[in-house]
Every structure is written in C-alpha cells, then in structure tokens.
**Student:** 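Mind looking over this structure? Questions follow.
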Amino acid sequence: MEYDELLHWLLRDPVAVAPDLLGAVLTHTTAEGAVSVRLTEVEAYRGHRDSEHADPGSHSYNGRTARNEVMWGPPGHLYVYFTYGMHYCANIVCGPAGRSSGCLLRAGEIVEGIDLAMARRAAARKESELARGPARLAQALGITREHNGAALDGEFRLLPPARRAPSVLNGPRVGVAGAGGSADYPWRFWLPGEPSVSAYRAAKPRTRARTAGNAVVR
DNA sequence: CCCTCGATTCTCT
DNA sequence: GAGAATCGAGGGT
C-alpha cells in the first residue's frame with residue numbers, strides 16, 4: 001500500500017479506524033533487524049475539548065501541550081509518550097491534522113523477528129507476553145521517545161489488513177481514570193480468542209499517601 | 001488463575 | 001506537588 005493511500009485510510013475518526021487496525025501489521029526495521037507485530041488490541045482517543053465529540057480520556061483533552069504536539073499533526077505518524085517513570089506507549093495518529101486523534105497500540109502478536117523481540121523483552125516468559133500490553137508492545141518493537149513523530153513511511157511501516165476482521169469485541173478503555181474510562185467510551189477494540197490481548201484493568205487511583213510509606217520526607 | 005503493591009520520572013497545574 | 005493510556009514480582013487461591 002502506498003503511503004498516500006495509507007494516509008487516506010487513516011484520515012477518519014479514530015473510533016472508525018481502531019477496529020480496522022485489528023489484524024494490521026506494524027514493522028520496525030533497525031540495524032538489529034526487523035520486528036513485526038500483528039495488532040490484536042487497540043484503543044481510540046478522540047480529539048480535544050473543543051471538538052464536536054470531546055473525549056475526556058485523551059491526552060489532548062485540555063488542549064495543545066509539548067507532550068501531545070504530535071497528535072495535532074497529520075495522520076500516519078507515531079505519537080509516543082513516556083509514563084509511570086519508565087514505560088513508553090505508542091499511538092498511530094489518525095484523522096485530519098488539527099483534530100488530535102489517535103489509536104493506542106495495546107497488544108499484538110509478534111509475527112517477525114521473535115528472537116530480537118525476546119531479547120528486548122527479557123522479562124517475557126512466553127511468546128504471548130511479548131506484546132501483551134502497550135508498554136510491552138512498544139518495548140518489543142524497540143520504540144522509545146526518539147520515535148515520537150516518526151512517519152509510517154520509513155523505518156516504521158504499517159500494513160492494514162487485507163480485509164476487515166469478521167469479529168471485533170469492544171469495551172471500556174484500560175487504566176483510564178475519570179469519565180473517559182466509563183462505559184460511555186467503549187473505545188477499546190480487540191480480536192476474540194487472542195492470547196496476546198491484555199487483561200482488563202480499571203483505572204486505580206494512586207495517591208501520594210499510598211506510596212509515602214517508604215518515601216523520604218524532608 | 002487472582003490480587004496487591006512498589007518502581008521511577010515526566011508532565012501539567 | 002500529584003498523578004500517570006503500566007509492568008513485574010510476590011504471595012494467595
């Protein structure tokens with residue numbers, strides 16, 4: 001698929017793009033080799049507060065910031081963010097520029113470069129754990145902050161599925177606090193019967209109090 | 001399988 | 001200053 005054809009395919013609402021991404025293959029090629037993942041679970045994040053359909057779960061809900069800058073650009077690029085002090089997660093920006101929408105890549109099956117993916121994912125004990133969860137998927141593909149904004153026409157390539165998945169399940173997004181994590185936003189999409197699909201986890205509020213037990217307070 | 005909890009630093013208010 | 005679109009270890013069922 002040509003890049004401009006891919007862009008046209010991505011130039012839609014993330015809630016429409018997300019289920020269509022299931023079965024797509026994302027490849028990252030580096031000097032170490034190529035790793036490809038067949039996507040089995042994604043989440044849609046839609047626009048910002050001023051758009052027609054606000055999404056309180058989106059990183060861009062409160063407007064443009066340094067972190068979410070890439071989301072405001074054209075589709076066909078990776079939006080990579082750093083979270084919990086140690087993990088990276090990747091989105092595919094979709095929709096027209098200025099809309100700030102994207103699809104979080106939550107899980108997939110490694111279909112190429114398993115040895116390299118295993119080497120990057122030392123903690124994984126089974127192949128099904130290589131890309132089960134967004135930070136694991138990013139690690140298996142070797143995605144870090146330097147790839148924020150990368151276009152899908154170079155070291156990264158996205159091959160949409162030949163045909164739309166015949167069966168797609170959906171439900172609330174994982175780990176999203178507040179209204180965005182409610183059943184009103186059932187924008188997590190996954191393929192049934194896939195061992196790589198991550199276990200659902202509701203957002204769990206963490207407060208300073210819960211972690212202050214061994215914090216050095218001065 | 002399940003659950004709870006600590007790690008670690010960036011981001012935005 | 002507080003919380004984060006998470007993971008992995010450890011212990012129980």
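Within every chain, numbering begins at 1; the chains are lettered A, B, ... in the order of the sequence lines, protein sequences first and strands thereafter. None of these values were measured; they are calculated from a predicted model.
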**Student:** Any ion pair linking A/R38 and A/E109 (charged N to carboxylate O, less than 4.0 Å)?
**Tutor:** yes
**Student:** Hey, does A/R67 reach any base, or is it just sugar-phosphate, or nothing, if we go heavy atoms under 4.0 Å?
**Tutor:** sugar-phosphate
**Student:** Name the one of A/V15, A/L11, A/V17 that satisfies side chain to side chain contact (heavy atoms under 4.5 Å, CB included) with A/D13?
**Tutor:** A/V15
**Student:** Taking all heavy atoms of A/A44 and all of A/D55, pick out the closest pair and write down the distance.
**Tutor:** O-OD2, 4.2 Å
**Student:** Starting at OH of A/Y200 and ending at C1' of B/dC2, how long is that distance when rounded to a whole Å?
**Tutor:** 17 Å
**Student:** With a 4.0 Å limit, can you tell me whether A/H87 has a side-chain N or O closer than that to the phosphate oxygens OP1/OP2 of C/dC7?
**Tutor:** no
**Student:** Under 3.5 Å, is there a donor-acceptor pair linking the side chains of A/E112 and A/S36?
**Tutor:** yes
**Student:** For C/dG10, which nucleotide is its Watson-Crick or G-U wobble mate, given both distances must be under 3.5 Å?
**Tutor:** B/dC3
**Student:** What's the closest nucleotide to the side chain of A/F82 if the choices are B/dT8, B/dT13, B/dT9?
**Tutor:** B/dT9
**Student:** Given atom NZ of A/K126 and atom C1' of B/dC1, what is their separation to the nearest angstrom?
**Tutor:** 10 Å
**Student:** Does C/dT6 have its OP1 or OP2 closer than 4.0 Å to a side-chain nitrogen or oxygen of A/R132?
**Tutor:** no
**Student:** Checking all strands, does A/G181 fall into the base, sugar-phosphate, or nothing category for heavy-atom contacts under 4.0 angstrom?
**Tutor:** nothing
**Student:** Is the base of C/dA5 stacked against the aromatic ring of A/Y45, taking ring centres under 5.5 Å apart and planes under 30° as the test?
**Tutor:** yes
**Student:** Between A/E32 and A/R120, does any side-chain N to carboxylate O distance fall below 4.0 Å?
**Tutor:** yes
**Student:** Looking at C/dG8, C/dT6, B/dT13, which one has an atom nearest to any side-chain atom of A/A135?
**Tutor:** C/dT6
**Student:** Under 4.0 Å, counting only non-hydrogen atoms across every strand here, what does A/R136 touch: a base, just sugar-phosphate, or nothing?
**Tutor:** sugar-phosphate
**Student:** When you get a sec, tell me which of C/dA5, C/dG8, B/dT9 is the closest nucleotide to the side chain of A/A123?
**Tutor:** C/dG8
**Student:** Could you tell me how far apart A/N68 (CG) and B/dT11 (P) are, to the nearest whole angstrom?
**Tutor:** 11 Å
**Student:** So, OP1 or OP2 of B/dC12: does either fall under 4.0 Å of a side-chain N or O from A/T65?
**Tutor:** yes
**Student:** Measure CZ/A/R145 against P/B/dT11 and give the value in whole Å, please.
**Tutor:** 6 Å
**Student:** Checking all strands, does A/R188 fall into the base, sugar-phosphate, or nothing category for heavy-atom contacts under 4.0 angstrom?
**Tutor:** nothing
**Student:** When the nearest nucleotide of DNA chain C is assigned to A/G102 and to A/R121 on a heavy-atom basis, which residue is associated with the more 5' position?
**Tutor:** A/G102
**Student:** Specify the separation, in whole Å, of atom CD of A/E41 and atom C1' of C/dT6.
**Tutor:** 13 Å
**Student:** In Watson-Crick or G-U wobble terms, both distances under 3.5 Å, what is the partner of B/dT8?
**Tutor:** none
**Student:** Counting only side-chain heavy atoms from C-beta out, which of C/dA4, C/dC7, C/dA5 sits nearest to A/Y84?
**Tutor:** C/dA4
**Student:** What's the closest nucleotide to the side chain of A/K204 if the choices are B/dT4, C/dA5, C/dG8?
**Tutor:** B/dT4
**Student:** To the nearest Å, give me how far apart CZ (A/R125) and P (C/dA9) are.
**Tutor:** 6 Å
**Student:** Output the rounded distance in Å from CH2 (A/W187) to P (C/dA5).
**Tutor:** 16 Å
**Student:** For A/A177, which contact category applies under a 4.0 Å heavy-atom criterion: base, sugar-phosphate, or nothing?
**Tutor:** sugar-phosphate
**Student:** Taking 4.0 angstrom as the limit, do A/E129 and A/R136 come out as a salt bridge?
**Tutor:** no
**Student:** Take the protein atom CD of A/E129 and the nucleotide atom P of C/dT6, then report the distance between them rounded to whole Å.
**Tutor:** 17 Å
